[in-house]
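Below: the structure, in C-alpha cells.
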Amino acid sequence: MGVSEAPGWIVLGRTGRGAAVILLDANAEEFGRDEVERGPLTSWISDAEVRWAPRWVWHDTPQWYAALLADGVRVARCHDLRLCHAILRESALVSETAAVRRSREWDAAPHVDAEAAAPTLFELDAVGRPSGPPPDADAALAEFARQRDAIADCAAPGRLRLLTAAESAGALVAAEMRAAGLPWDAEAHDRILVETLGERRPGGAQPAKLAASAERVRAALGDPTASLDSQPKLLRSLHRAGVLVDSTSRWELAEQRHPVIEPLLEYKKLSRLLSANGWTWLAEWVADGRFRPVFVPGGVVTGRWASSGGGALQLPRQLREAVRADPGWRLVVADVAQLEPRVLAAMSGDTALAAAARGRDLYAGIVDSGAVATRQEAKIAILGAMYGATTGESGRLVPRLRRAYPRAMALVDDAARTGEDGGIVSTWLGRTSPAPSPEWSAAQSRATEAEASGADETRARRWARDRGRFTRNFVVQGTAAEWALAWLADLRGRLAALPAVPAERAAPRSGPAFARRPHLAFFLHDEVIVHTPEEHADAAAQAVTDAAATAAHLLFGGFPLDFRLDVRIAETALKD
DNA sequence: CTCCCTTGCGCG
DNA sequence: AAAGCGCGCAAGGGAG
C-alpha cells in the first residue's frame, strides 16, 4: 500500500486482471493509482478500510460488495455511482446544464437479477446486462467528478449531499441484509401452513382444509364442478347462482348476502396463502434458516425500495411468527408510528399538526384538536389528504383538515396542482418526480384545441387528476423514504459499533460478516428488524431509537416533532 | 410453446 | 369496483 497520504475516497474499477484503484484526497483530488490483482483484492480492500476508512466509489454496489461480504469484509461508507446518477440527473435542484445530465451511459436500470448479487467478484460479466453502468475506473472517476460538480453547483448542496450519502448507505444495507438474511424458522412456517391449509399432499393435490373449503363453495353454488381459480369462470358461476357482482374481488363479495360468500372468502384466503407463501415458496426462498430476498434500493420512483423475488415486501402478517431469532439471539422489531403524516408536518412546517403528533398517537392528537370526532376518522382523513381522495367518507373529511392544518394541506395541494399542470415536484432532499410522458402531454394539448371532442377533454382531465394524485403523494412518500434511509444509515453505523460476541455465541448462518454482531435483517418502508445476540438486544433497541432521533435532526433540524417508534425485543417478529 | 396483459391480493 | 398513492407476484387466458 505504501502511500504517504490517507485517501478520503478510493475509486474502484474493473480491469482484465483485477481492479484498478484510484486514490483521491479529502477534496477528491487524485494523488495515486494502483492495480490490484483479483486474488489479493479482498484483503487489499479490507486493509484499506481498516487503515483509512475511505469512502469507496464504485459503479454498482451489489457487484462489488456481495463478494466482499461473502469473505466477511464490510465497508463503512461508499458512493454508489449508478444510484446517485439516477437522483442527480432528474433532480430539480441540479442545474439544467450540469454535465451529469448528459452522461447517458449511466442511465442503467437497477440490477434486480439474483446473479448480480452473487458472491463472486468479477464472475458476472457472462450474465451481466449489456446496459449496465461502465465498470472501469476511468469512467467511474469521470462520473464521480460530474456528480460532485453537480452537487457543488446546485441550489442546495447540503440536501443532495445528504441524499446521495443516504442512498449509498442504503445500497450497503441492502447488500448486507441479503448476505445476512432474515432468520426464518421453516418448521414454524410449515406448522402454520398445516394448521391453516391441512397437511401437504403429494403431487400437487390441494391440502385437506383448502379442498374442504372449495367443496363448501361448490355446494353453496349448487355446482359441483365450479372452477374457483379462474376469475371469468368463477364470475359466471356466481351469476348463475344469483350473486350479481361485477368482479370477484374480496371487497365486492363482502357486500353481498349469499351462503357462498363466507366459504368463498375463506377459500380465496387459503388459496392465496398456498400460492404465494406455501411449501413451494418455502423450498425456493428459505435455505439454511434464512430468507434472502433481493432488495432494490431506489427501485420505486419515489425513492422507496423495491424487491425482486420472494415477495420480500409483501410477507403476510400471518407468517411473521416464522421469523424467528437463532438460539441465544433476539429480534429487535421496530416501526415508526404514522411516518408519512409526521413527515408532512415537518416538511410543511405545520406546527399545529406537529403539536398534534408530539409525544403521542398522531391520530389521537387530531381528535383532541377537535378537527374530527374519532381516531378512525382522523386516519381516513389524513390518508385521503395524502392520496388525494375526492369522494366518499375520506373526501368528505379532508376539508376539515384543510381548516385545521392549512400549511400541511397547502403543501400537498400545491404538489397536486403542479402535477396536474404537467410540472415536476421534489422531495425535501431533492429527489424529483419524472416529467409527464409524451402521451400525457399530447392528451393535454389535444384537449385545448378547438376541434377537441368531449371525450378528449374528459380523458385529459382524468389524466391530469391522476397525475395530480401522484405528485401529491410523491412529495410525502418520497420524503418519508428519505427519513427512513437516514434512519437506516445511522442505525447501521450504531450497530457496527457494538461489540462482537465470542465465537461460541455466533450465528454462523448469518454469514462471516455478521455471525457475531447485531445486524439489520429486514427493512420495509417504516419498519426494521435487527437480529442481535441477546446480550446486546437492549443496546440494539436503543440504537434503533437513537437513530430515529438522528434521522429527524438530519432532515428537519430542530423542528419540534418526534418520530415515535414502537420497539420490541422478541424471539419472533409476531405483531400483537 | 412464449410473451404479454388482466385480475386479485399481499405489503407500506 | 374501490373511493385514494406506491409496489411484486401468481395464475389464468388470449395472441402469436
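Below, chain A is the first sequence line, B the second, and so on; all start at residue 1. Predicted model only: the values in this text are computed from it and were never measured.
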Give a yes or no on whether a salt bridge exists between [X] and [Y], defined as a side-chain N under 4.0 angstrom from a carboxylate O.
{"X": "A:Glu321", "Y": "A:Arg191", "answer": "no"}
{"X": "A:Arg417", "Y": "A:Glu420", "answer": "no"}
{"X": "A:Asp185", "Y": "A:Arg324", "answer": "yes"}
{"X": "A:Asp566", "Y": "A:Arg568", "answer": "yes"}
{"X": "A:Arg564", "Y": "A:Asp361", "answer": "no"}
{"X": "A:Glu167", "Y": "A:Arg431", "answer": "yes"}
{"X": "A:Arg472", "Y": "A:Asp413", "answer": "yes"}
{"X": "A:Arg320", "Y": "A:Glu527", "answer": "yes"}

Relative to the ring of A:Phe563, is the ring of A:Trp483 parallel (under 30°), tilted (30 to 60°) or perpendicular (over 60°)?
parallel
For the residue pair A:Trp305 and A:Phe523, categorise the inter-ring angle as parallel (less than 30°), tilted (30 to 60°) or perpendicular (more than 60°).
perpendicular
On DNA chain C, does the nearest nucleotide to A:Ser275 precede the nearest nucleotide to A:Arg469 from the 5' side, or the other way round? Give the residue.
A:Arg469
Which residue, A:Val301 or A:Thr391, contacts DNA chain C at a nucleotide closer to its 5' end, judged by nearest heavy atom?
A:Thr391
Heavy atoms under 4.0 Å, any strand shown: does [X] hit a base, just sugar-phosphate, or nothing?
{"X": "A:Ala276", "result": "nothing"}
{"X": "A:Gly311", "result": "sugar-phosphate"}
{"X": "A:Ser394", "result": "base"}
{"X": "A:Val476", "result": "nothing"}
{"X": "A:Gly388", "result": "sugar-phosphate"}

Can you give one letter per nucleotide of nucleotides 4-12 of chain B, 5' to 3': B if a protein heavy atom sits under 4.0 Å from the base, S if only from the sugar-phosphate, - if neither?
---SBBBSB
Checking A:Ala346 now: which residues fulfil side chain to side chain contact (heavy atoms under 4.5 Å, CB included) with it, not counting sequence neighbours?
A:Phe556, A:Phe559, A:Leu561
Quick one, which residues of residues 402-432 of chain A touch DNA chain C with a heavy atom under 4.0 Å?
none
Where does the chain A footprint on DNA chain C start and end, counting 5' to 3' with a 4.0 Å heavy-atom cut-off?
C:dA1 to C:dG13
In whole angstrom, give me the gap between the C1' atoms of C:dA1 and B:dT6.
14 Å
Nearest-Å distance once atom C1' is located in both C:dG4 and B:dC5:
24 Å
Applying ring-ring contact (aromatic ring centres under 6.0 Å, His included), can you list everything that pairs with A:His525, at least two apart in sequence or on another chain?
none
Walk me through whether A:Arg82 and A:Asp60 qualify under salt bridge (charged side-chain N to carboxylate O under 4.0 Å, His left out).
CA-CA 6 Å; A:Arg82 184 183 65 79; A:Asp60 188 31; 3.2 Å; yes
Pairing pattern in dot-bracket form [Watson-Crick, G-U; both distances under 3.5 Å; | = partner strand] for DNA chain C
....||||||||||||
From A:Asp223, A:Leu221, A:Leu244, residue fulfilling side-chain contact (heavy atoms from CB on, under 4.5 Å) relative to A:Leu238:
A:Leu221
